[in-house]
Amino acid sequence: MAAAAGSSIYLPESVTLLGVEQPTELEKVFRVKFDSGRPLGHGPGQFVQVSLFGIGEAPISICSSPCETDYFEMTVRNVGMLTNAMHKLTPGAKFGVRGPFGTTFPIDEMEGKDLILVAGGIGLPPLRSLILPVMGDRERFGKVYILFGAKSPKEILFREDLAAWGQAPNTTVLQTVDRGDETWGGNVGVVTTLFSQVQVDVPNTYVAIVGPPIMYKFVIMELAKLGVANEHVFMSLERRMKCGVGKCGHCQINNVCVCMDGPVFRYSEARHMTEAI
Amino acid sequence: MSSVDVFVENITRVEGHGNIRVRATDGKLEVCQLQITESPRYYEQLLLGRKWYDAVHITCRICGICSIGHTTSSIQGMERAMGVEPSDQTHKLRQLALMGEILQSHYLHVYFLVAPDLLGAPSVVPLATTHTEVVKMALRQKRLANDICYAIGGRHIHPLTIRVGGFTSFPKEAELVDLKERLIASRKDLEATVELLLSVAHKLPAFERECECVALTNPPRYEFYSGMIGSTVTDPVAPNDYRSKVIERTVPHSHAKFCSSNGEPYQVGALARYNLNHVYLRPEAKAVAATLGLNGPCANPFFFSIAQVVECVECAEYAIELIDHFLDAGFDPALDGHRDVKVQAGCGTGAVEVPRGLLFHEYEVDDEGTIVGANLIIPTGQNLANIEADFAGFVPTILDKDRAQIELLLEMLVRAYDPCISCATHMLKVEWVD
Amino acid sequence: MKPTAAFFSFTGCEGCQLALLECEDELLDILSAIDVVKFREAMSETSDTYDIAFIEGSISTPHDEEKIKKIRGVAKVIIAFGACAATGGLNAIRNSMGSDEDYYENLREQAYGPVGVEHFRSTKARPVHAVVPVDLTIPGCPVDRGQLLEVIESVLVGRTPRQFNHPVCVECKLNDTVCVVEAYGQMCMGPVTRAGCGAICPGRGDTCEGCRGLLPDGNFASHQQMLAEHGNPPEEIRLRYLMFNAYRCEELGVPLP
Amino acid sequence: MELYRIDEKGLAEAMARLIAEYRVVAPVEKGPRHVFDDIQDWSEARPLAVGTVLPPKKFVFPQRETLLRFQLTGEAPQAEAVVDDTPVVLAGVHPCDITGLRCIDHTLAGRYFDEHYGARRMNAIILGFDCMPDGHCFCSSVGSLKVESGFDLFFTPLQVGGYAVRVGTQRGRKLLEDYFTAAAPAGVYEESLEEDFRKRKAAAIRLSIDAPVGDLPGIYQQAMRSKVWEKWAEVCFSCGSCNLVCPTCYCFDVQDRVSLDGAEGRRERVWDSCMLAEFAEVAGGHNFRPTPSARLIHRHNRKFNYQQDRYGEPHCTGCGRCARACLVHIDMVTIANELIAEQRGEAS
Ligand SMILES: Cc1cc2nc3c(=O)[nH]c(=O)nc-3n(C[C@H](O)[C@H](O)[C@H](O)COP(=O)(O)OP(=O)(O)OC[C@H]3O[C@@H](n4cnc5c(N)ncnc54)[C@H](O)[C@@H]3O)c2cc1C
Ligand code: SF4
Ligand code: SF4
Ligand code: SF4
């Protein structure tokens with residue numbers, strides 16, 4: 001009777017890999033669906049725990065639109081054990097997924113508002129799960145600015161999407177790179193340098209930010225200069241994470257868990273958390 | 001063929017690095033060397049200036065295979081130097097650990113290093129498929145021996161509980177019960193081993209050379225742990241007087257010192273012990289010896305592995321006896337002195353029979369417990385000169401064979417002694433402070 | 001294709017290779033998962049190509065140095081196996097007793113007298129990574145069987161083995177061990193030593209001697225002060241640091257009492 | 001709450017009956033200290049011993065535990081959850097550790113119920129025992145000197161011999177009937193003896209935090225940049241001992257193991273500690289708490305601020321284990337009092 005089988009919040013469901021694309025040297029985009037056929041049912045900004053038995057688990061954001069129910073997509077940067085093993089997978093492969101977990105960008109609250117959507121590097125994929133539904137229902141929102149910074153032109157993700165979004169009415173896509181190369185004729189500098197080109201109705205503006213830890217502080221400073229209300233600023237934070245369901249303690253920031261109370265936080269709340277940014 | 005020039009670089013299936021160099025022209029032996037090329041480690045030097053309690057930690061690392069032997073000899077030497085008298089409980093438990101190590105080392109040698117030669121394989125790896133049952137039995141036996149070491153010493157290699165004055169912890173009763181059951185069950189495996197050996201024993205070359213044998217003696221026991229330094233040639237001497245028996249010297253072709261007694265090479269190890277003490281073997285072991293053709297003194301060095309199997313029987317039975325004692329008497333922490341060692345200046349020598357023979361650890365400490373002198377004499381070092389003497393006797397008898405066969409036979413001869421070369425290459429001359 | 005593995009021993013006691021032979025229960029599984037093509041201590045067959053090289057022992061002679069460079073040229077993965085290879089181990093004690101060329105010449109002369117000419121020159125004893133790049137490290141004197149098996153498993157499944165960047169105290173606690181410092185004031189190296197051994201020494205009432213090597217970010221000053229508070233003389237604390245960690249102290253610039 | 005009385009002999013008989021049917025664990029001697037371990041005979045138990053190295057939480061939340069088992073052969077990997085619901089009797093659990101289990105419940109048995117913990121927790125029969133503090137205990141400062149619930153039965157040693165027994169659950173009542181047959185109903189006299197014991201206990205506690213526990217979240221929140229942290233961080237080993245012995249800590253790491261033939265494996269969780277340098281490090285090397293002081297601040301706030309704010313009670317039960325385990329004398333009371341003194345000093 002000792003070790004009986006049972007249900008478990010840690011038991012993943014099986015998914016099948018439908019397709020893989022490799023937009024950059026380090027990143028691959030994985031399109032998968034649950035073998036059970038159930039839709040993931042995520043909101044913008046949520047993530048799943050990806051599980052490869054024998055290797056481990058890692059939290060990965062969903063980069064496809066919540067409106068897409070046939071499959072979902074994840075963009076994975078090859079940085080370690082699990083992500084490395086994921087990069088070796090080929091279509092047809094089966095692995096485990098738990099989720100979706102975490103909080104979402106409040107898309108309904110954003111209705112009718114001007115939006116500044118700021119992404120740095122691998123922050124673009126999670127933001128894409130917000131941008132896609134915004135673009136899909138464009139007239140529900142005011143002006144949209146998409147600000148994206150990458151280290152170098154080679155590392156720009158979702159080029160086609162960026163180009164297409166730039167074509168949408170009332171939408172401005174601004175890109176910059178830290179270091180340019182011979183192919184690059186655009187902005188060079190950190191993402192905050194793009195703010196000079198942003199013109200919004202400040203009291204009616206919502207902001208979403210996803211990027212590397214270092215980016216938040218500087219973007220917040222720009223927003224303060226602009227005068228955007230803290231209540232209108234949302235940011236997705238990243239922490240080490242083992243369980244995704246508020247148990248393992250790794251992702252705790254002050255009294256919140258990034259996996260349950262985040263990853264999307266309202267800045268007016270996050271600013272009181274001494275460890276947040 | 002009466003001329004050979006043999007150079008075996010890095011003899012395999014021995015512990016440590018050594019070469020064989022033999023040259024004979026027209027039946028005349030010109031060069032005959034066992035070259036020890038293991039990198040020197042200067043253990044005796046490392047000990048100087050350190051504290052008494054470190055000697056055992058450091059010297060047990062001389063050798064992975066006989067670390068319990070080094071541990072035992074080291075604490076014995078240190079206790080004799082500082083006048084520490086451990087309890088009977090401590091002595092007995094140490095001997096149980098030593099039995100575990102002799103069993104594990106002998107099994108390793110017989111099954112993993114020698115058996116492939118006799119079964120015509122280059123190593124135990126192919127035997128895993130051709131002789132699966134033998135390999136499984138070997139692993140089972142070795143595991144049991146290891147578990148004895150683990151239960152008492154706290155670790156399979158480099159024991160950690162065995163200290164000057166006593167033990168830092170005792171095995172649990174359940175562990176002892178388990179070990180005893182498995183030791184009893186292992187009698188069957190030992191019988192099978194004897195049978196196996198019997199079926200291949202005829203492959204052992206029939207070569208004999210008389211030599212002096214040196215081992216601990218302590219009638220009426222087949223001794224490993226205490227007693228006098230006995231010899232087939234001279235009178236016994238006390239461990240503290242070992243220098244009157246054993247002379248060490250350096251030779252140009254070896255990183256290990258060679259030893260002699262009365263100017264002649266001599267032999268230590270399982271066969272030497274058998275030759276000196278066989279009358280004191282318990283009946284079970286005597287019977288096995290007789291079955292395997294060992295009926296009293298034996299001058300054939302290839303019979304080392306036979307003597308080892310006989311000792312396995314002896315040690316397994318002695319281990320059972322010791323376990324029975326502890327199951328009966330239990331362990332009394334009050335009889336353990338490892339936390340109350342009093343430091344005192346002095347000089348003393350430990351002499352213990354480890355798998356490969358007699359091992360000496362001599363220490364001198366000052367009144368603060370600082371080590372000011374150390375001399376370690378390793379069994380393999382003592383056997384090196386004897387192996388060369390065996391070469392000299394053996395090579396002329398095999399000159400008619402082809403080169404590969406000669407190489408194999410010479411390697412088998414070296415391997416028979418189960419040399420432990422990293423042990424032997426520990427040394428450094430020490431300036432004694434008188 | 002099974003990966004091929006070769007074992008090499010340099011300056012050491014060969015106890016770590018023995019640790020592999022001591023995985024009696026798993027040995028047959030290991031042999032069916034990897035092809036051991038060279039293992040002088042246990043095998044006569046040998047090969048000059050291999051994927052994984054297990055290196056035991058320190059690099060302590062010019063000859064050792066030559067040999068390890070050759071191996072690096074062949075092996076895809078080099079595993080520093082045991083304290084001698086991983087951190088210099090006990091061999092490095094001699095580094096702390098002298099360092100100039102004369103010192104080693106002297107050692108050699110003392111050891112072998114004027115006949116020493118045929119022998120290798122000894123040099124400073126160094127861990128493998130001081131001479132060639134190392135891919136994986138299994139420290140310990142001897143290596144822990146469990147960790148050894150875990151590393152083999154990791155290599156087979158393509159996972160990075162755990163690195164144990166925390167001290168031995170963690171494993172003491174996991175084992176519900178009575179701390180020998182807290183209970184007896186003994187000189188334990190656990191708080192500054194890399195875990196992974198299962199805190200086997202304190203578990204049996206002994207102290208940790210630091211055989212798995214000092215942690216890169218250990219709080220050495222606080223540790224030494226703590227040991228001194230328990231009545232340990234500075235010289236003995238110094239010797240303790242210089243037992244398994246003479247090379248490591250030099251490498252990390254650890255101040256000693 | 002119902003009250004009974006039982007003498008030593010009756011207790012021993014009852015425990016013998018329990019041992020015959022259940023796995024029973026209690027504090028036992030280990031060298032000069034005590035640990036919770038299996039017992040075969042009640043005489044081995046030291047139910048009043050304080051400061052076991054690890055708290056009894058290890059029986060409901062083991063140091064290393066298999067969560068999933070999986071098969072890697074076949075078309076797709078197959079996994080199943082491993083949930084252990086073997087009953088275990090925890091005897092000699094003191095008020096601090098009973099409180100500790102309640103603290104862990106908030107997280108592991110709260111939102112997203114952890115079945116692995118839950119199954120063990122619900123099948124752990126808790127026989128609480130009251131205790132006499134040693135020099136490290138400070139339960140009276142954090143409200144865990146006395147527990148009203150969280151046990152099946154609770155035993156208070158009486159000066160006149162024997163124990164007063166409180167019944168905390170239905171299961172406890174059933175146990176009392178089936179096993180503790182020598183227990184007799186008790187009344188005001190025993191109640192006064194119980195009270196007596198607690199008074200002596202309270203009087204024996206030598207440490208105290210100089211502020212009401214309810215004020216601590218505010219005090220800690222204000223002290224994020226206090227010099228006190230730097231001072232203690234300087235001597236901290238980042239060894240994690242304090243976390244690992246704590247009855248309220250639950251952080252864990254997850255590790256996969258695979259058999260050497262690659263056919264099957266398991267996913268395990270192992271206790272982790274937020275005081276370890278690598279705890280908050282992510283791939284690529286960024287560490288969200290790179291300094292010992294950041295980690296010290298986090299741990300101490302988790303005890304008196306963050307979790308208290310979230311769940312309404314401090315996550316320190318005053319058991320004193322972390323102070324016993326910390327070789328450089330970093331302890332909850334000293335730090336709390338230094339922070340309190342610092343703020344009062346600033347205020348005045
Ligand atoms: C909410 C959230 C969403 C994320 N979304 C994405 C995404 O869409 N695409 C992407 O490429 N990466 C994403 N990450 C980061 C990703 O989880 C890590 O890169 C990944 O865990 C690294 O695992 P590894 O096994 O490859 O690396 P290793 O360094 O081998 O990591 C070992 C373990 O450490 C932990 N860990 C290490 N780094 C991180 C980290 N950055 N965050 C959390 N845990 C970590 C994990 O538990 C991991 O299993 C996200 C992280 C979080 C917290
Ligand atoms: S015994 Fe040593 S390793 Fe264990 S907790 Fe104490 S100091 Fe740390
Ligand atoms: S923080 Fe310390 S005193 Fe408080 S409950 Fe945890 S171990 Fe006990
Ligand atoms: S506070 Fe003490 S026990 Fe905790 S990590 Fe620091 S040194 Fe270790």
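Residue numbers begin at 1 in each chain, while the letters A, B, ... track the order of the sequences.
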Item to complete: May I ask you to decide if D:Thr107's main-chain N or O and A:Lys247's side chain share a donor-acceptor pair within less than 3.5 Å?
Response: yes
Discussion item. Looking at every non-hydrogen atom in both residues, tell me the closest pair between A:Glu275 and D:His298 and how far apart they are.
Written reply: OE1-ND1, 3.8 Å
Practice prompt. With a 4.5 Å heavy-atom cut-off (strictly below), which parts of residues 15-27 of chain A touch chain D? List them by number.
Written response: none
Worksheet item: With only heavy atoms counted, which part of D:Gln71 is less than 4.5 Å from chain A, the side chain, the backbone, both or neither?
Response: neither
Fill in: Interatomic spacing from CZ in D:Phe70 to CG in A:Leu11 - rounded to 0.5 Å
11.5 Å
Worksheet item: Among D:Val254, D:Asn301, D:Leu68, D:Leu72, who wins on heavy-atom pairs under 4.5 Å with chain A?
Response: D:Leu68
Discussion item. Main chain of D:Glu281, side chain of A:Arg240: is a donor-acceptor contact present, judged purely on distance under 3.5 Å?
Written reply: yes
Discussion item. If you compare all heavy atoms of D:Phe288 against all heavy atoms of A:Pro213, which two are closest, and at what distance to 0.1 Å?
Written reply: CZ-CG, 3.9 Å
Fill in: Residue selection (most heavy-atom pairs with chain A, distance under 4.5 Å) from D:His286, D:Gln307, D:Arg289
D:Arg289
Worksheet entry | Which portion of A:Cys251 sits near chain D, non-hydrogen atoms under 4.5 angstrom | neither
Response to the item:
When rounded to the nearest 0.5 Å, the distance separating CG of D:Asp309 from CG of A:Asn254 is 10.0 Å
Worksheet item: Is any side-chain N of the basic residue among A:Asp261 and D:Arg310 closer than 4.0 Å to the acidic one's carboxylate O?
Response: yes
Discussion item. I need the minimum non-hydrogen distance between D:Tyr112 and A:Met260, along with the two atoms involved.
Written reply: CD1-SD, 3.7 Å
Worksheet item: How about A:Lys94: does its NZ atom have over 12 heavy atoms from other parts shown lying under 6.0 Å from it?
Response: yes
Worksheet entry | Under 3.5 Å: donor-acceptor pair, side chain of A:Lys242, backbone of D:Arg269 | no
Worksheet item: Between D:Tyr250, D:Tyr117, D:Tyr306, D:Phe113, which has the largest tally of heavy atom pairs under 4.5 Å with chain A?
Response: D:Tyr306
Item to complete: Identify which of D:Glu75, D:Arg111, D:Met224 forms the greatest number of heavy-atom pairs closer than 4.5 Å to chain A.
Response: D:Arg111
Worksheet item: By a 4.5 Å heavy-atom criterion (distance strictly below it), what part of D:Asp253 contacts chain A: side chain, backbone, both, or neither?
Response: both
Worksheet entry | Option that, when pairs with chain A are counted at under 4.5 Å, heavy atom only, ranks first among D:Pro77, D:Gly265, D:Ala119 | D:Pro77
Discussion item. Which residues in residues 49-64 of chain A have any heavy atom closer than 4.5 Å to a heavy atom of chain D?
Written reply: A:Ser51, A:Leu52, A:Phe53, A:Gly54, A:Ile55, A:Gly56, A:Glu57
Fill in: Whether A:Tyr10 and D:Phe252 hold their rings parallel, tilted or perpendicular, with breakpoints at 30° and 60°
perpendicular
Worksheet item: Which bit of D:Arg257 comes within less than 4.5 Å of chain A, counting heavy atoms only: side chain, backbone, both or neither?
Response: neither
Worksheet item: Does A:Lys151 NZ have over 12 foreign heavy atoms under 6.0 Å away?
Response: no
Item to complete: Would you mind telling me which of D:Leu67, D:Asp114, D:Val282, D:Asp272 has the largest number of heavy-atom pairs within less than 4.5 Å of chain A?
Response: D:Asp114
Worksheet item: How far does CD of D:Gln221 sit from OG1 of A:Thr274, to the nearest 0.5 angstrom?
Response: 6.0 Å
Response to the item:
Heavy atoms of D:Ala81 and A:Ser8 approach each other most closely as CB-CB, 3.4 Å
Worksheet item: Taking the side chain from D:Glu115 and the backbone from A:Ile9, do they hold a donor-acceptor pair closer than 3.5 Å?
Response: yes
Worksheet item: Does CZ in A:Arg38 sit with more than 12 non-hydrogen atoms of other residues, nucleotides or ligands closer than 6.0 Å?
Response: yes
